[in-house]
Amino acid sequence: MANVVELRHVDKVYRGAPDVQVLFDITLAFAERSFNSIVGESGSGKSTLMNIIGTLDVPTSGDVEIAGQSVASLSRDRLAELRNRTIGFVFQFHYLLPEFTALENVLMPYSIGPQGAKREVLQWADELFDFMGVSRVKNNPAGKMSGGQQQRVAIIRSLINKPRVILADEPTGNLDSVNSAATYERFRDINQRYGTTFIIVTHDRRIAEQTDRIVEIRDGRLLMDIRK
Ligand SMILES: Nc1ncnc2c1ncn2[C@@H]1O[C@H](COP(=O)(O)OP(=O)(O)O)[C@@H](O)[C@H]1O
Ligand SMILES: [Mg+2]
């Protein structure tokens, strides 16, 4: 199967006094439709790696290819376009806008709210709200919803553009174990139903063990890469 993400010999150095090298010679690819986790101790470089995969940050050296495109050669606008089209992000803190409704938050990429979004987008949003079990709170202000509901809305938001890859950086770090388990079941369902590739950073071994591949980072280096 084709790779949707490819890193070749990626190094990352944060400049300062002194410079700190955080990633060392990472060569790593993720296939279309795959369901992966990244584990490693705090400070090992997981978020740095995710930011580079997500094209939110650039490597100091090495290559990044997303959906077959080498990102270094792209202009800012083309890169933003590739990112918006290809990648969805789910973070530990979901960054919903509390004053806006769940639906408005989800449609934010279309920036003009329900009136501005096309009918197909609204239908897709409805399907996702249904699928994630939060249809009833669609029109509630995000700030008035429970943590678990807000995280589901953030997941819907990450899916609204039908990205090929979801990058989730400790997405359930803020949730209790019941909501956490439910979130992973949804991720798996989405992966199977829509073929979306998942790359999930987690510190929870039990969750990582439910994915098809576990990549372990230690001190900025690829330590293990286990496929089931
Ligand atoms: N913007 C930055 N400038 C300097 N050092 C950073 C920066 N971001 C992260 N680091 C350092 O890089 C290392 C890896 O951080 P990070 O990628 O956040 O690890 P993880 O997500 O695995 O906890 C840490 O030592 C952290 O302090
Ligand atoms: Mg991190």
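Both ligands and their constituent atoms are indexed starting at 1 by order of listing. None of these values were measured; they are calculated from a predicted model.
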Taking atom types as modelled, is there a side-chain donor on N191 or T196 under 3.5 Å from an acceptor on the other? no
One thing to verify: whether D225 and R213 come together as a salt bridge, which I'm taking to mean a side-chain N less than 4.0 angstrom from a carboxylate O. yes
Under a 4.0 Å threshold between the charged nitrogen and the carboxylate oxygen, would E127 count as salt-bridged to R193? yes
How close does the nearest protein non-hydrogen atom get to atom 16 (P) of ligand 1, and which residue and atom is it? T48 OG1, 3.7 Å
Apply side chain to side chain contact (heavy atoms under 4.5 Å, CB included) to I199 and F30, showing your working. CA-CA 8 Å; I199 305 174; F30 294 97; 3.5 Å; yes
When you measure from atom 1 (N) of ligand 1 to every protein heavy atom, which one gives the shortest distance, and what is it? Y14 CE2, 3.5 Å
Using a distance-only test with no angle check, is there a side-chain donor-acceptor pair under 3.5 angstrom linking T211 and N36? no
Among the heavy atoms of E41, does any lie under 4.0 Å from an atom of ligand 1? yes
Confirm or rule out an N/O/S atom of S47, from backbone or side chain, lying less than 2.8 Å from the Mg ion (ligand 2). yes
Regarding D130 and S135, do their side chains bring together a donor and an acceptor under 3.5 Å, going by distance alone? yes
Per-atom contacts of ligand 1 with S47, taking only distances under 4.0 Å to non-hydrogen atoms: 17 (O), 18 (O), 20 (P), 21 (O)
If you scan protein heavy atoms around atom 12 (O) of ligand 1, the nearest is V22 CG2, 3.2 Å
Numbering the atoms of ligand 1 from 1, which are under 4.0 Å from a heavy atom of G45? 14 (C), 16 (P), 17 (O), 19 (O), 20 (P), 22 (O)
Any side-chain donor paired with an acceptor under 3.5 Å for R164 and T86? no
Which residue and atom name correspond to the protein heavy atom nearest atom 25 (O) of ligand 1, and how close is it? G43 O, 4.0 Å
Verify atom 22 (O) of ligand 1: protein non-hydrogen atom under 4.0 angstrom away: yes
